[in-house]
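Please read all numbers here as calculations on a predicted model, not as lab measurements.
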Amino acid sequence: MVQQQPEFQDRREAGRTLGAALTHLAAAHPLVLALPRGGVPVAFEVAKALDAEMDLLFVRKLGAPGHEELGIGAVVDGADPQLVLNEDIVRQLAPSPNYIRAEMRRQLAEIDRRRRSYVGSRVAAEVTGRTVIVVDDGIATGGTVKAAVMGLGKNHPARLVLAIPVAPRDSLAEIAPECDEVVCLTQPEPFYAVGAHYVVFDQTTDEEVIRLVREARAFGRPRRLPARAPAFRG
């Protein structure tokens with residue numbers, strides 16, 4: 001069996017390739033949302049290629065009563081955070097509304113803590129009425145990304161785009177109905193793991209996230225026209 005070479009050297013290279021595939025969206029002045037931490041280096045290069053605003057998008061699972069590892073849904077970060085429930089599991093376990101509200105508040109507090117550690121007091125970017133591009137370094141099962149786009153959809157973006165370097169076809173098929181457009185560079189069959197498609201797939205550090213978020217603030221800013229010289233009136 002011939003070992004296939006990884007498609008990408010690292011996340012930054014994947015982001016540059018992805019950015020080139022998304023240039024048709026540049027004129028819409030999109031908002032690029034990165035799923036931390038691995039999605040941030042990819043999203044940085046996309047935002048750079050499109051000269052687009054970049055922000056982070058946090059998604060936190062809501063654990064079932066007494067079984068935190070079992071997700072009954074997720075809360076999606078943003079200017080207007082959204083709750084996405086797994087209706088099948090909720091019907092089976094029937095958690096009380098009070099439990100769901102308390103678990104949502106707990107996860108929102110954790111999102112707030114993480115957001116502050118990465119971006120300080122900067123508030124989440126507004127998505128309503130905008131072209132929004134959600135970026136990660138790849139998809140395996142797709143649960144987190146699906147919750148992310150479902151939550152964002154409740155905030156009524158003008159166009160919701162999912163952009164990833166690599167994902168299995170079945171996971172994309174489940175997520176695609178929640179998006180207006182999906183851009184995926186490679187959909188290998190069989191699919192084993194996201195990291196298998198990168199030469200370098202080490203853990204993205206908190207320090208790298210903070211640095212890239214800071215550098216990305218230069219993207220997507222309105223261009224000022226040079227001031228005209230005052231007209232001479234005789």
Side-chain angles (χ1 to χ4, degrees), residues 31-43 53-128 130 132-157 160-164 167 171 174-175 177-179 194 203-210 212-213 216:
L31 169 65
V32 177
L33 292 179
L35 288 164
R37 287 177 293 186
V40 175
V42 184
E53 180 184 0
M54 186 184 93
D55 197 3
L56 304 181
L57 179 65
F58 297 88
V59 180
R60 292 286 298 177
K61 179 178 71 176
L62 272 64
H67 301 279
E68 289 191 0
E69 72 285 352
L70 177 62
I72 61 172
V75 61
V76 181
D77 179 32
D80 184 14
Q82 294 292 331
L83 175 65
V84 178
L85 292 176
N86 185 322
E87 300 294 347
D88 290 338
I89 294 180
V90 168
R91 277 194 297 268
Q92 292 175 29
L93 300 181
S96 71
N98 285 340
Y99 174 85
I100 294 175
R101 283 192 293 268
E103 180 67 0
M104 182 176 178
R105 285 195 297 268
R106 188 169 75 90
Q107 297 305 335
L108 282 172
E110 176 61 17
I111 285 174
D112 183 65
R113 186 191 69 80
R114 293 191 178 199
R115 173 169 282 280
R116 285 181 178 277
S117 72
Y118 288 139
V119 301
S121 59
R122 177 181 165 191
V123 298
E126 178 63 64
V127 304
T128 302
R130 301 187 66 177
V132 178
I133 306 173
V134 178
V135 179
D136 204 356
D137 55 9
I139 291 175
T141 61
T144 298
V145 172
K146 185 175 182 180
V149 296
M150 289 178 69
L152 287 172
K154 293 183 177 184
N155 280 328
H156 309 293
L160 182 54
V161 180
L162 174 63
I164 57 270
S171 294
E174 289 188 17
I175 300 170
E178 308 296 335
C179 306
V194 170
Q203 188 176 62
T204 304
T205 65
D206 288 341
E207 292 75 18
E208 184 178 6
V209 170
I210 293 168
L212 292 177
V213 167

For residues A147 and V76, report the shortest heavy-atom separation together with the two atoms involved.
O-CG2, 3.2 Å

Close side-chain approach of I72 to Y99, heavy-atom, < 4.5 Å:
yes

Residue pair D136 / V194, side-chain heavy-atom distance below 4.5 Å
no

Looking only at atom types and distance, does a side-chain atom of K61 sit under 3.5 Å from a main-chain N or O of T144, one as donor and one as acceptor?
no

Separation between CD1 (I111) and CZ (R113), nearest 0.5 Å, reads 11.5 Å

Distance check, rounded to the nearest 0.5 Å: R116 atom CZ versus R114 atom CZ?
15.5 Å

Keeping S171 on the side-chain end and T141 on the backbone end, is there a donor-acceptor pair under 3.5 Å?
yes

If you define the side chain from C-beta out and look only at heavy atoms, does anything of R101 sit under 4.5 Å from R105?
yes

To the nearest 0.5 Å, tell me how far R91 CZ sits from N86 CG.
8.5 Å

Residue E69 excluded, over 12 heavy atoms near CD under 6.0 Å
yes

Does some side-chain heavy atom of C179 sit less than 4.5 Å from a side-chain heavy atom of V161?
no

Does CD in E126 sit with more than 12 non-hydrogen atoms of other residues, nucleotides or ligands closer than 6.0 Å?
yes

Side-chain contact, heavy-atom cut-off 4.5 Å: V213 with M54?
yes

Determine whether S117 and D206 make a side-chain contact, defined as any pair of heavy atoms from C-beta on separated by less than 4.5 Å.
no

Shortest non-hydrogen separation from V59 to A148 and the atoms involved
CG2-CB, 3.7 Å

Report the residue from V134, I164, I139 that forms a side chain to side chain contact (heavy atoms under 4.5 Å, CB included) with I175.
I139

To the nearest 0.5 Å, tell me how far R37 CZ sits from Q203 CD.
4.0 Å

So, applying side chain to side chain contact (heavy atoms under 4.5 Å, CB included) with L33, which one of D55, I133, L160 is it?
D55

At what distance, to the nearest 0.5 angstrom, does CG of L62 lie from CD of E68?
10.5 Å

Using a strict threshold of under 4.0 Å (side-chain N to carboxylate O), is an ion pair present between R106 and E110?
no

Tell me, which pairs form a side chain to side chain donor-acceptor pair (under 3.5 Å) where one or both residues lie in residues 74-85, sequence neighbours left out?
D77-R115, D80-Q82, Q82-N155

Got a donor-acceptor contact below 3.5 angstrom from the Q107 side chain to the A74 backbone?
no

